[in-house]
Amino acid sequence: MPAAQGTFPGRPARPAEGAAGRLSPTVNFALRIGFYCVLCLVCSALAAVACLLVNGGRTVKNMRIIRAVVRTFKYFFGLRFEVKGLENFKVEGPAIIVSNHQSVLDMMGLMEVLPDNCVQVGKKELMYMGSVGLIIYLGGVIFINRKSTSSAKMVMSEVAKTMVAENVKVWVYPEGTRNCTGDLLPFKKGAFHLAIQAQVPVIPVVYSSFTSFYNPKTKLFTSGKIKVEVLPPIETKGLTPDDVTDLTDRCFSTMRETLFRLSGRPSQAKDSS
Ligand SMILES: CCCCCC/C=C\CCCCCCCCCC(=O)SCCNC(=O)CCNC(=O)[C@H](O)C(C)(C)COP(=O)(O)OP(=O)(O)OC[C@H]1O[C@@H](n2cnc3c(N)ncnc32)[C@H](O)[C@@H]1OP(=O)(O)O
Ligand SMILES: CCCCCCCC/C=C\CCCCCCCC(=O)OC[C@@H](O)COP(=O)(O)O
């Protein structure tokens, strides 16, 4: 059952609550994020055992188990997803999926739509998050060192070869970091180099802004609805490295327009605010 707005599920009143029995926003935020972390750590440990028993080691097949577990998380936080365009994932063979990245909560949105045979690109620091690192490793996530452009590029070039050979889709957050401002950061070009090197389509996925229900700066975290749209694939057959910038810009403006539309913000695609 979804958590009531502004309260923590099933917890008795404590002194930090005001006369009205409501938690202060800071305490409420900390409890809900803390609960999310504990949920992730505990479920990762259990799912890791299941992954090892069922699939025996690091493989993209484990993503099915991870997806099934993470899809239950939304009920604890009163989050609802409204998904459109899932048919756009049904392309023959591999593809690069690019999406906006707002928060650690994105993992719920990711798993809500994740197609089969799809791994994500993540920063290598994620490996050190205890059982969460282990489950991410077992799921086949590709780790890059963001402090070293040359090694990140080398890993991505390797991925361009293996994703075609193994028929795997790759999910990249082209902003390269979390950004919860309701807008997009400029895109890094790795995902688009990868798509052109492998000659596979780019499928943009856009999540509406979380700012109405989640804002770490103002300690806001209530229940809410997230609109998700999978956009039509953008073909890259015949494109060369010279086309990377154009492809990046095209994806960026399509996704920014979609983000504003889904978030009910007046279209200001040319405005950088
Ligand atoms: C069961 C319960 C479990 C519960 C918990 C778990 C829940 C779910 C588990 C599974 C989910 C796991 C998901 C993990 C998600 C993780 C999210 C992240 O970590 S996001 C952060 C990491 N990702 C990225 O950074 C990706 C985007 N970044 C890029 O693509 C970058 O371009 C780069 C990393 C490849 C390089 O970045 P940087 O060093 O900053 O350099 P740039 O300025 O971007 O590029 C420099 C020039 O190089 C050119 N370039 C880039 N890539 C290539 C390439 N492959 N080939 C050739 N050239 C390349 C680029 O164009 C630049 O040149 P310029 O002349 O300026 O154009
Ligand atoms: C023994 C060590 C224990 C460590 C405990 C850590 C507890 C964390 C537990 C659960 C958190 C769940 C997170 C799920 C995966 C989150 C992926 C994510 O969103 O990473 C952020 C990354 O994309 C961008 O990083 P930055 O915005 O650049 O930073």
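For ligands, and for the atoms within them, numbers begin at 1 and follow the listed sequence. The figures here come from the full heavy-atom set of this structure, side chains too, leaving out hydrogens, waters and symmetry mates.
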Decide whether an N or O pair under 3.5 Å exists between Ser44 and ligand 1.
no
Pick one of side chain, backbone, both or neither for how Lys189 approaches ligand 1, counting any non-hydrogen atom pair under 4.0 Å.
both
Just to be sure I read this right, does ligand 2 sit under 4.0 Å from the backbone of Arg178, its side chain, both, or neither, counting only heavy atoms?
both
If you have a sec, work out which protein heavy atom is nearest atom 19 (O) of ligand 1 and how many Å separate them, to one decimal?
Lys123 N, 3.0 Å
Which atoms of ligand 1 are found less than 4.0 Å from any heavy atom of Ala191?
30 (O)
For the side chain of Asn62 and the backbone of Leu138, is there at least one donor-acceptor N/O pair under 3.5 Å apart?
yes
Can the ring centres of Phe76 and Tyr36 be said to be less than 6.0 Å apart?
no
Ligand 2 versus Arg146: contacting region, heavy-atom distance under 4.0 Å:
side chain
Can you pull out the closest protein heavy atom to atom 57 (C) of ligand 1? Residue, atom name and distance to 0.1 Å, please.
His193 ND1, 3.5 Å
Check whether Thr181 reaches the backbone of Asp183 with its side chain - one donor and one acceptor, N or O, closer than 3.5 Å.
yes
I want to confirm something. Looking only at heavy atoms, which of Gly130, Ser131, Cys40, Gly122 is nearest to atom 12 (C) of ligand 2?
Cys40
How does Ser148 reach ligand 1, by side chain, by backbone, by both or by neither, if only non-hydrogen atoms under 4.0 Å count?
neither
Option whose closest heavy atom lies nearest to atom 35 (C) of ligand 1, chosen from Pro186, Gly190, Ala195:
Gly190
Starting from atom 25 (O) of ligand 1, which protein heavy atom do you reach first, and at what distance in Å?
Gly176 CA, 3.6 Å
Checking the N or O distance criterion of under 3.5 Å, is ligand 2 in contact with Tyr36?
no
Residue from Pro115, Pro233, Pro204 passing side chain to side chain contact (heavy atoms under 4.5 Å, CB included) with Ile97
Pro115
Does Arg32 make a cation-pi contact with Phe77 (under 6.0 Å, within 45 degrees of the axis)?
no
Looking at ligand 2, does Glu125 have a heavy atom less than 4.0 Å from it?
no
Region of Val244 that comes within reach of ligand 1 [heavy atoms, distance under 4.0 Å]:
neither
Does any N/O atom on Tyr128 come nearer than 3.5 Å to any N/O atom on ligand 2?
no
Run the numbers for me: atoms of ligand 1, each under 4.0 Å from some heavy atom of Gly122, listed by number.
16 (C), 18 (C), 19 (O)
Within the structure, is a non-hydrogen atom of Asp106 found at a distance of less than 4.0 Å from ligand 2?
no
For atom 26 (C) of ligand 1, state which one of Tyr173, Tyr137, Phe187, Phe192 supplies the nearest heavy atom.
Tyr173
Hey, which atoms in ligand 1 end up nearer than 4.0 Å to a heavy atom of Leu126?
14 (C), 16 (C), 19 (O)
Which option, Met111, Met107, Lys153, owns the non-hydrogen atom nearest atom 10 (C) of ligand 1?
Met111
So is Leu110 close enough to ligand 1, meaning a heavy atom under 4.0 angstrom away?
yes
Side-chain heavy-atom pair Glu175, Phe187 within 4.5 angstrom cut-off
yes
State whether the side chain of Arg178 and the backbone N or O of Gln102 hold a donor-acceptor pair below 3.5 Å, judged by distance alone.
no
